[in-house]
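Encoded as structure tokens, the structure appears first; notes follow it.
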Amino acid sequence: MIGWPIIRHSIWRLNGTDRQFSILKAVPSEAAEWVKLKERTDRKLLTLELPQENLGQPAYIGIDSGSDDGITLFPEQWTRWRSAHPWQPVTLVAYFNPAAGIVVSEVSWAEDVDLFGLTLRGVAISRANPVQIQLMPTGTVAILGLAALLRLDVIFDGKSGVTYAHPLITQPKRYKHNRLGAVFVPAGLEGNDLVAHVVEGSPAAMAGLKDGDILLKIDQLDVTSWQTTPGILPLSRFWEQAPGTRLRLKLKRAGKVVVCNVELRTILGP
């Protein structure tokens with residue numbers, strides 16, 4: 001891994017169209033017509049000032065190419081976007097962060113989203129966790145992960161502290177995501193049971209899964225020993241399989257064993 005402070009004085013380009021990364025000797029003339037973003041040099045994570053202000057104050061985005069995410073919106077922006085797009089389908093992602101603990105977050109899909117003068121099209125969006133919020137300066141509205149960066153042609157000119165961004169209007173590629181619409185996580189750091197969180201209207205919900213179900217088996221795989229048996233985790237590899245994949249889930253609900261047969265389908269994407 002190469003951190004931003006090491007290469008911040010170089011000029012480098014990420015071309016989302018052909019998915020190529022290159023180091024440049026100079027900024028090409030075509031970039032003069034692109035959206036210009038000024039770098040904040042007091043941050044370890046690459047932080048850029050957006051063209052438009054938010055309520056009279058500078059608005060910022062962070063760049064995290066080490067993340068597979070799309071756009072991670074900060075709470076105010078996430079709430080505003082979800083309120084304006086209540087019909088957009090959502091799925092879930094679950095992960096462990098040493099500082100934030102176990103995080104379960106909604107992920108949705110935006111045909112276009114405006115970040116104060118920078119508009120991205122065809123990208124997954126989610127809500128930032130508390131640790132991400134603490135890392136960024138006041139006024140930050142979002143962090144762009146690799147999936148969002150690949151929806152841009154972008155040139156980072158570390159020599160002048162300016163980034164040039166050209167949003168793509170091409171059809172996005174298939175987005176790898178949770179096609180079950182449910183995740184199973186421990187109730188706490190010391191918990192052993194993998195407890196279900198289910199999105200309403202998802203393939204999981206349509207198959208009969210409910211919040212609070214405890215996962216016992218995926219097909220023939222016994223997951224109850226996930227803490228001690230290598231190879232059980234990550235469970236996301238099951239939910240991210242191709243649309244049409246069928247899974248047999250054995251669960252415990254209110255002390256009784258139930259079986260749900262679910263078929264994965266595309267929830268997010270073009």
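Residue numbers count from 1 along this sequence.
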* **Residue that, paired with Leu149, satisfies side-chain contact (heavy atoms from CB on, under 4.5 Å) out of Asp64, Ile63, Val123, Leu120** => Ile63

* To do: Quick one: do Val257 and Lys250 satisfy side chain to side chain contact (heavy atoms under 4.5 Å, CB included)? Show the steps, please.
  => CA-CA 7 Å; Val257 174; Lys250 187 176 181 180; 3.5 Å; yes

* **Short N-O contact, Glu240 and Lys176, less than 4.0 angstrom** => yes

* Would you please test Asp153 and Arg13 for salt bridge (Lys or Arg N to Asp or Glu O under 4.0 Å) and show each step? => CA-CA 8 Å; Asp153 194 356; Arg13 179 173 187 165; 2.7 Å; yes

* Note, Ile218 side chain near Leu249 side chain (heavy atom, < 4.5 Å) -> yes

* To do: Over 60° means perpendicular and under 30° means parallel, so classify the ring planes of Phe184 and Trp239, tilted if in between.
  => tilted

* To do: Find the distance between CG (Leu180) and OG (Ser236) and round it off to the nearest 0.5 Å.
  => 11.5 Å

* Mind checking the OG1-CD1 spacing from Thr17 to Ile169? Nearest 0.5 Å is all I need. => 10.0 Å

* To do: Would you mind reporting whether Val103 and Tyr95 have side-chain heavy atoms less than 4.5 Å apart?
  => yes

* Just by distance, do the side chain of Gln241 and the backbone of Phe238 share a donor-acceptor pair under 3.5 Å? -> yes

* Cluster check Trp81, Leu144: I/L/V/M/F/W/Y, side chain < 4.5 angstrom -> yes

* ILVMFWY network linking Leu48 to Leu14, side-chain heavy atoms under 4.5 angstrom -> yes

* To do: For residues Ala205 and Val199, report the shortest heavy-atom separation together with the two atoms involved.
  => CB-O, 3.4 Å

* To the nearest 0.5 Å, how far apart are CZ in Arg43 and CE in Met136? -> 6.5 Å

* To do: Please lay out, stage by stage, how Asn261 and Arg246 fare under the test side chain to side chain contact (heavy atoms under 4.5 Å, CB included).
  => CA-CA 7 Å; Asn261 295 297; Arg246 297 187 178 187; over 6 Å; no

* To do: Report the C-alpha distance between Leu251 and Cys260 in whole Å, list the side-chain angles of each, state the deciding distance to 0.1 Å, and finish with yes or no for side chain to side chain contact (heavy atoms under 4.5 Å, CB included).
  => CA-CA 8 Å; Leu251 311 142; Cys260 293; 3.8 Å; yes

* Asked: Looking at Ser83 and Pro86, what are the two nearest heavy atoms and their distance?
  -> O-CD, 3.5 Å

* **Minimum side-chain heavy-atom gap Thr140-Ile133 below 4.5 Å** => no

* Asked: Is there a donor-acceptor contact under 3.5 Å from the side chain of Trp226 to the main chain of Asn192?
  -> yes

* Do side-chain atoms of Asp219 reach the backbone of Arg248 as a donor and acceptor pair under 3.5 angstrom? -> yes

* Check whether any side-chain heavy atom of Pro28 lies under 4.5 Å from a side-chain heavy atom of Ile155, and answer yes or no. => yes

* Is any side-chain heavy atom of Ile61 less than 4.5 Å from a side-chain heavy atom of Leu50? -> yes

* To do: Using the side-chain contact (heavy atoms from CB on, under 4.5 Å) rule, pick out the option among Val107, Val90, Asp69, Ile71 that qualifies with Ile125.
  => Ile71

* Structure fact -> Of all heavy-atom pairs linking Leu221 and Arg237, the shortest is CD2-NH2, 4.0 Å

* Asked: Do Thr245 and Arg179 have side chains that get closer than 4.5 Å, going by heavy atoms?
  -> no

* How about Lys36 and Pro51: do any of their side-chain heavy atoms sit closer than 4.5 Å? -> no

* To do: Could you check whether the rings of Trp34 and His166 sit parallel, tilted or perpendicular, using 30° and 60° as the cut-offs?
  => parallel

* Asked: Does a side-chain heavy-atom distance below 4.5 Å link Pro172 with Arg151?
  -> yes

* Structure fact -> Scanning both residues in full, the closest heavy-atom pair of Ala59 with Val141 reads CB-CG1, 4.3 Å

* Asked: Going from OG1 on Thr229 to CG on Asp222, what distance comes out if it is rounded to the nearest 0.5 angstrom?
  -> 8.0 Å

* Asked: Closest approach of Tyr175 and Gly70, non-hydrogen atoms and distance?
  -> OH-N, 4.2 Å

* Kindly indicate, with the supporting measurements, whether the criterion side chain to side chain contact (heavy atoms under 4.5 Å, CB included) is fulfilled by Thr266 and Leu268. => CA-CA 6 Å; Thr266 297; Leu268 308 181; 6.0 Å; no

* Determine yes or no for a side-chain-to-main-chain donor-acceptor pair under 3.5 angstrom, with Gln20 supplying the side chain and Asn15 the backbone. => no

* In one Ile/Leu/Val/Met/Phe/Trp/Tyr side-chain cluster, 4.5 Å: Val27, Phe156 -> no

* Structure fact -> One should read off an interatomic distance between Asn129 CG and Phe74 CZ, to the nearest 0.5 angstrom, of 9.0 Å

* Asked: Among the clusters formed by ILVMFWY side chains lying less than 4.5 Å apart, do Ile11 and Ile23 turn up in the same one?
  -> no

* **Any donor-acceptor N/O pair, His85 side chain to Ala110 backbone, under 3.5 Å** => no

* Asked: Is there a donor-acceptor contact under 3.5 Å from the side chain of Asp193 to the main chain of Val195?
  -> no

* Just by modelled atom types, is the Glu106 backbone N or O under 3.5 Å from a matching donor or acceptor in the Ser126 side chain? -> no

* Side-chain donor or acceptor of Gln57 paired with backbone N/O of Asn54 under 3.5 Å -> no

* To do: Give a yes or no on whether Leu209 and Met206 share a hydrophobic cluster (residues Ile, Leu, Val, Met, Phe, Trp, Tyr; joining criterion: side-chain heavy atoms under 4.5 Å apart).
  => no

* About how many Å separate CG of Asp211 and CZ of Arg253, when rounded to the nearest 0.5 Å? -> 10.5 Å

* **Minimal non-hydrogen separation, Lys25 against Lys159, with atom names** => O-NZ, 4.2 Å

